[in-house]
Amino acid sequence: MVGATGVYIALTTIFVYLGVLLSVAYFTLMERKSLSSFGIRLGPDKTSFLGFAQPITDGVKLFMKEFVVPANSASIVFLAIPSISLILCLLGWQVFPSFAISSWASNDVLFFLVVSSLNAHIAIMSGWSSNSKYASIGGVRGFAQVISYEICLSICLIVVVIISSSMSFFSIAESGWSVWWGFFWFPVVLLWLTVCLAEANRAPFDLVEAESELVSGFNTEYSAGGFALLFIAEYGMILLLCSVTVFSFFQNPDMLNVAGLCWAFSKVMLLVFFFVWSRSSLPRLRYDFLMMACWSSLLPFILGVYCLIFFVSKF
């Protein structure tokens, strides 16, 4: 019995990891198609039928290129960072491997917060190890940005945990807390989506990778397979944030049947499109405005909501 359970867990985990990698590949294709449509362009359409093989050819091209290590870099850290970033991304997806592993009374929320907080070290270590001015500036920006917005993200999830009385995303999705929470639901969701954009380094908060200022930010010196791994990890975290948003803030009844899973998947895809839409629509903020928005606007608001919820729960 124990052996069969172990095989089931291993197969489920492998299936989830392969699904994440495949989803990242076609997320990039969807993003390129959407951005080209917003700009009245065709986008990738030459490789295979309507460009559907474009992510595969891009991946093969990147992993076949030469991986160059800068002469003055901290080579061990420089080589290890892409692999660590991908491992952290896949560890985050352990939150949603199956209904058997993520039990209804587990601490999924705490595990997600731990993994997401570790992502701050990827930007700072890759920028430092590259020994490049552009990469170093991008790393420092990324570390300060993620640390700042991680506080708002954590408090948002703590509010959800208090209301739903659960530390499991599956239990939160089934609890029905957002039905009676009412007045505070929409503003907090907007705040959460803003924080997710900043956490994922997406426009208009992509100051870490600002092409007009830093060439490519913390990953300027990475090429070939190293760049591909950082790229996969970044987009994998975006998909993870979209999934966490759906399970935390939107009703997902009947998660154990196909209809419930399809309904949750459709909401995840809408949020993925929101990330692409924001990139094509919103201008990049200045860095001091980005930090000021966190400390003077978003953080006081979510702290006020948290204090109000805590006060109401006492009565």
Side-chain angles (χ1 to χ4, degrees), residues 20-21 23-28 30-32 34-35 81-82 84-93 95-96 112-127 138-139 141-157 169 189-211 214 216-219 222 227-249 267-285 287 290-291 293-294 298:
V20 170
L21 297 177
S23 299
V24 166
Y26 283 94
F27 177 16
T28 60
M30 186 272 283
E31 182 178 36
R32 294 173 68 181
S34 300
L35 292 176
I81 284 296
I84 294 173
S85 66
L86 183 61
I87 290 171
L88 286 176
C89 172
L90 296 179
L91 276 178
W93 277 99
V95 172
F96 301 116
F112 167 75
L113 290 176
V114 170
V115 172
S116 63
S117 64
L118 290 174
N119 274 317
H121 297 81
I122 298 299
I124 191 68
M125 293 303 292
S126 59
R141 281 184 176 185
F143 192 76
Q145 179 176 324
V146 172
I147 288 295
S148 301
Y149 281 86
E150 187 74 28
I151 299 172
C152 296
L153 182 139
S154 302
I155 297 174
C156 282
L157 279 183
F169 286 116
V189 170
L190 287 180
L191 185 145
W192 169 265
L193 291 176
T194 304
V195 171
C196 286
L197 288 174
E199 277 284 307
N201 300 323
R202 297 286 293 183
F205 307 126
D206 57 340
L207 278 302
V208 180
E209 305 169 3
E211 295 90 350
L214 304 177
S216 187
F218 69 93
N219 58 10
Y222 283 94
F227 174 78
L229 292 180
L230 289 171
F231 193 77
I232 292 170
E234 180 179 342
Y235 277 78
M237 287 303 297
I238 294 174
L239 292 173
L240 178 60
L241 285 171
C242 292
S243 301
V244 168
T245 303
V246 169
F247 277 75
S248 300
F249 291 94
K267 287 185 279 190
V268 171
M269 293 307 298
L270 285 174
L271 287 172
V272 168
F273 181 74
F274 167 76
F275 273 78
V276 178
W277 191 12
S278 66
R279 178 178 178 180
S280 64
S281 305
L282 302 174
R284 183 181 294 130
L285 294 180
Y287 189 71
L290 170 69
M291 301 302 290
C294 174
L298 300 181

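- With rounding to the nearest 0.5 Å, the separation of CG in L240 from OG in S116 is 8.5 Å.
- The backbone N or O of E150 sits less than 3.5 Å from a side-chain atom of E199, completing a donor-acceptor pair.
- A search for side-chain hydrogen bond (donor to acceptor under 3.5 Å, both in side chains) contacts involving R202 returns E31, Y235, not counting sequence neighbours.
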From CA spacing to verdict: side chain to side chain contact (heavy atoms under 4.5 Å, CB included), F275, L239: CA-CA 10 Å; F275 273 78; L239 292 173; over 6 Å; no
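- The CD1 atom of I147 sits 6.5 Å away from the NE2 atom of H121 when rounded to the nearest 0.5 Å.
- The distance from atom CG of L153 to atom CG of L298, rounded to the nearest 0.5 Å, is 11.5 Å.
- The closest donor-acceptor contact from the side chain of S281 to the backbone of S278 lies at 3.5 Å or more, if one exists at all.
- When atom types are taken as modelled, the side chain of S248 and the backbone of T245 share no donor-acceptor pair closer than 3.5 angstrom.
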Pair C152-C294, side chain to side chain contact (heavy atoms under 4.5 Å, CB included): steps then yes or no: CA-CA 8 Å; C152 296; C294 174; 4.0 Å; yes
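- For the residue pair P82 and Y222, the shortest heavy atom distance occurs at CG-CE2, 3.5 Å.
- In terms of heavy-atom proximity, P283 sits nearest to P204 at O-CB, 3.0 Å.
- Rounding to the nearest 0.5 Å places CZ of F205 at 14.5 Å from CZ of R141.
- Here the shortest heavy-atom pairing between S85 and A233 reads O-CB, 3.5 Å.
- Taken from CD1 in I122 to CG in L230, the straight-line distance is 7.5 Å, to the nearest 0.5 Å.
- Scored by the side-chain hydrogen bond (donor to acceptor under 3.5 Å, both in side chains) test, S243 finds no partners at all (sequence neighbours excluded).
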Stepwise side chain to side chain contact (heavy atoms under 4.5 Å, CB included) check, L193 with L271: CA-CA 9 Å; L193 291 176; L271 287 172; 3.8 Å; yes
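- Minimum heavy-atom separation, I238 to F27: CG2-CE2, 3.7 Å.
- Scanning all heavy atoms of the two residues, the minimum distance from C196 to L241 falls at O-CD1, 3.8 Å.
- Judged purely by atom type and a 3.5 angstrom limit, W93 uses its side chain to pair as donor or acceptor with the backbone of G236.
- Residue L91 holds its CG atom at 10.0 Å from CG of N119, rounded to the nearest 0.5 Å.
- In this structure, the side-chain hydrogen bond (donor to acceptor under 3.5 Å, both in side chains) partners of S148, at least two apart in sequence or on a different chain, are W295.
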